[in-house]
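Just the heavy atoms: all of them, side chains too, but no hydrogens, waters or symmetry mates, feed the values below. Quick note on labels: first sequence line is chain A, next is B, and so on, each numbered from 1.
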Amino acid sequence: MPELPEVETVRQGLEPFVRGALIENVAVFRASAVRLLLGGEREFEAHVRGAVLDGAVRRGKFLWMPLREHHAHAGFALSAHLGMSGQFRVHREPWHHAPEPHSHCRVRLSLETSGEQLTLDFLDQRTFGYLHAERMLPTVDGLPGGHGSELASVPASVAHIGRDALDPAWEAGEASAVWRRGTRGIKQVLLDQTRISGIGNIYADEALWHARIHPQQAASSLTRPAAGRLFHAVRSVMESALAQGGTSFDALYVNVNGESGYFARDLVAYGRAGQACGRCGAQITRESIGGRSTHWCPRCQRRR
DNA sequence: AGTAGCACCTGATTGC
DNA sequence: TGCAATCAGGTGCTAC
């Protein structure tokens with residue numbers, strides 16, 4: 001569910017609350033919502049309790065909060081993946097005055113930051129998301145590991161993913177060289193987080209519509225101009241969505257204050273099967289590709 | 001090495 | 001009304 005614009009909205013929302021915040025207490029309500037190298041929620045709790053968070057960083061759909069260099073926590077981060085339905089919610093009340101945890105609340109943290117006591121909940125209906133306490137590794141290229149930090153390091157579980165779709169130092173030519181490898185259709189390549197990180201099912205369909213490319217066109221056959229159009233379409237769609245706080249269809253995606261995003265109004269392909277294409281008027285088609293429902297205009301996105 | 005298929009979950013909606 | 005089937009923003013492991 002949450003793709004790059006939604007995760008970035010969450011990151012920006014968390015940032016002011018978690019920079020310099022001390023984790024005073026932790027409660028894990030569902031053991032499988034936390035991971036640790038050696039396992040066990042007790043160990044997770046012991047690991048993060050007493051740590052000081054140093055801001056919020058994102059690469060692709062992965063989020064993390066580095067732990068400030070300080071005795072046991074040096075070189076570690078509290079990382080998170082929202083999966084299909086994860087969310088962070090900030091309550092500006094201390095632990096004992098915060099609302100009863102929601103039935104989907106998997107982990108609750110109490111934070112102390114510049115004199116204010118906060119309660120930070122991690123909710124996740126479908127439980128594909130998780131929190132993780134893990135070691136930071138240096139990035140292979142020495143470049144900053146993620147959006148929101150200058151540090152050239154990423155959590156171990158993030159090390160395998162590709163460049164962030166909004167990485168300002170990434171250029172269309174480099175991206176298309178990465179995409180062209182292999183035999184799959186371009187949509188499946190866009191969803192492969194090792195080739196480009198941050199795109200999910202909504203924005204893949206949206207970007208392909210804007211670039212007028214058929215989702216099943218072999219990635220290896222993309223012309224240079226088509227790859228360039230796609231690269232820019234990915235960025236402009238993601239930037240527009242971010243400016244509107246992301247796409248919310250229901251309560252499963254909201255920001256840290258519980259507010260929805262408004263990009264659903266601007267979707268031109270995703271979820272519009274049977275409706276008229278906004279460019280040519282043909283009916284938008286929907287079909288399953290690689291196990292994901294895929295929407296495109298059969299007239300202006302031709303396979304070549 | 002690259003790729004397809006499936007497992008991991010809960011809950012809302014659809015159809016009989 | 002009840003119940004089963006289907007679908008949903010994602011990732012990672014396994015077996016080819």
Side-chain angles (χ1 to χ4, degrees), chain A residues 1-11 29-35 58-64 79-88 102-107 122-132 134 155-162 165 177-208 215-216 218-220 234 237-238 241-242 244-255 260-267 269-274 286-295:
Chain A
M1 98 28 35
E3 307 180 31
L4 187 154
E6 293 76 32
V7 181
E8 176 62 14
T9 300
V10 170
R11 186 196 73 77
F29 301 123
R30 187 183 176 111
S32 62
V34 296
R35 301 182 182 183
R58 180 195 60 75
R59 176 162 176 168
K61 305 172 197 170
F62 290 78
L63 261 181
W64 64 93
S79 63
H81 197 289
L82 303 180
M84 293 284 259
S85 55
Q87 49 187 262
F88 280 105
H102 188 278
S103 61
H104 297 151
C105 183
R106 309 306 184 195
V107 181
F122 177 69
L123 286 72
D124 191 14
Q125 182 205 96
R126 291 184 66 188
T127 74
F128 290 163
Y130 56 84
L131 302 186
H132 197 166
E134 57 178 336
S157 68
V158 182
H160 70 289
I161 73 168
V178 172
W179 297 345
R180 265 199 279 265
R181 254 186 305 124
T183 55
R184 290 131 99 201
I186 184 61
K187 169 154 181 181
Q188 288 177 273
V189 170
L190 291 180
L191 292 178
D192 179 347
Q193 304 297 301
T194 69
R195 310 284 191 102
I196 176 171
S197 62
I199 303 177
N201 206 36
I202 296 176
Y203 299 106
D205 286 0
E206 293 298 296
L208 288 166
Q216 288 174 299
S220 57
V234 165
V237 166
M238 296 245 175
L242 177 57
Q244 303 203 52
T247 301
S248 298
F249 297 128
D250 51 37
L252 291 193
Y253 166 68
V254 292
N255 69 13
S260 294
Y262 294 96
F263 193 70
R265 296 182 302 202
D266 292 0
L267 295 178
Y270 186 87
R272 294 181 50 91
R286 177 188 147 175
E287 204 175 300
S288 182
I289 296 177
R292 313 300 302 280
S293 79
T294 300
H295 314 72

TODO: May I ask you to decide if A/Leu123's main-chain N or O and A/His104's side chain share a donor-acceptor pair within less than 3.5 Å?
DONE: no
Open item on the list: Once rounded to the nearest 0.5 Å, what's the spacing between atom CD1 of A/Ile196 and atom CH2 of A/Trp179?
Closed with: 4.5 Å
TODO: Starting at atom NE2 of A/His104, determine the distance to atom P of C/dA8, rounded to an integer number of angstrom.
DONE: 19 Å
Open item on the list: Categorize A/Arg180 for me: base, sugar-phosphate, or nothing, with a 4.0 angstrom heavy-atom threshold over every strand shown.
Closed with: nothing
TODO: Take the protein atom NE2 of A/His132 and the nucleotide atom P of C/dT11, then report the distance between them rounded to whole Å.
DONE: 16 Å
- [ ] Heavy atoms of chain A, cut-off under 4.0 Å: which first and last nucleotide of DNA chain B, 5' to 3', fall inside that, if you could look?
- [x] B/dG2 to B/dG11
Open item on the list: Expressed as a whole number of angstroms, how long is the span from A/Glu6:CD to C/dA8:P?
Closed with: 17 Å
Open item on the list: Between P on C/dT11 and CZ on A/Arg126, what's the gap in Å once rounded to a whole number?
Closed with: 13 Å
Open item on the list: For a quick check of understanding: with a heavy-atom distance under 4.0 Å over all strands, which category does A/Asp250 fall into, base, sugar-phosphate or nothing?
Closed with: base
Open item on the list: What's A/Phe249 touching, base or sugar-phosphate or nothing? Going by heavy atoms closer than 4.0 Å.
Closed with: base
TODO: Determine: side-chain N/O of A/Gln193 to OP1/OP2 of C/dG10, distance under 4.0 Å, yes or no.
DONE: no
Task: Main-chain N/O of A/Pro5 paired to A/Thr9 side chain as donor or acceptor, under 3.5 Å - done: yes
Open item on the list: With rounding to the closest Å, how many angstrom separate the P atoms on C/dC3 and B/dC9?
Closed with: 24 Å
TODO: In whole angstrom, give the distance that lies between atom CD1 of A/Ile199 and atom P of C/dG10.
DONE: 11 Å
Open item on the list: For a quick check under 3.5 Å, do A/Tyr203 and A/Glu6 share a side-chain donor-acceptor pair by atom type?
Closed with: yes
Open item on the list: What is the distance, to the nearest angstrom, from the CG atom on A/Leu82 to the C1' atom on C/dG12?
Closed with: 17 Å
Open item on the list: Check this one for me: any side-chain N or O of A/His160 less than 4.0 Å away from OP1 or OP2 of C/dG12?
Closed with: yes
Open item on the list: Applying a 4.0 Å non-hydrogen cut-off, can you work out what A/Ser293 is touching in the nucleic acid: base, sugar-phosphate, or nothing?
Closed with: sugar-phosphate
Open item on the list: Does A/Arg184 reach a base, just sugar-phosphate, or nothing at all? Heavy atoms under 4.0 Å.
Closed with: sugar-phosphate
TODO: Starting from the 5' end of DNA chain B, give me the residue, A/Phe128 or A/Gln188, whose nearest nucleotide shows up first.
DONE: A/Gln188
Task: From CA spacing to verdict: side-chain contact (heavy atoms from CB on, under 4.5 Å), A/Gln87, A/Val10 - done: CA-CA 8 Å; A/Gln87 49 187 262; A/Val10 170; over 6 Å; no
TODO: Find the distance A/Arg195:CZ to C/dT11:P and express it as a whole number of Å.
DONE: 15 Å
Open item on the list: Using whole Å, what does the distance between atom P of nucleotide C/dC7 and atom CG of A/Leu252 come to?
Closed with: 18 Å
Task: C/dA8 OP1/OP2 closer than 4.0 Å to side-chain N/O of A/Arg286 - done: yes
Task: Nearest-nucleotide comparison on DNA chain C, the residue closer to the 5′ end among A/Gln125 and A/Tyr130 - done: A/Gln125
- [ ] Dump the intermediate steps for salt bridge (charged side-chain N to carboxylate O under 4.0 Å, His left out) on A/Arg30 and A/Asp124, then the final yes or no.
- [x] CA-CA 10 Å; A/Arg30 187 183 176 111; A/Asp124 191 14; over 6 Å; no
TODO: Examine distances only and state if a side-chain atom of A/Glu8 and a backbone atom of A/Gly60 form a donor-acceptor pair shorter than 3.5 Å.
DONE: no
Open item on the list: Looking at B/dC9, which nucleotide sits across from it as a Watson-Crick or G-U wobble partner, both distances under 3.5 angstrom, or is there none?
Closed with: none
Open item on the list: Assess the residue pair A/Phe249 and A/Tyr270 against the criterion (ring-ring contact (aromatic ring centres under 6.0 Å, His included)); give the C-alpha distance rounded to whole Å, side-chain angles, the decisive distance to 0.1 Å, and a yes or no.
Closed with: CA-CA 12 Å; A/Phe249 297 128; A/Tyr270 186 87; 5.8 Å; yes
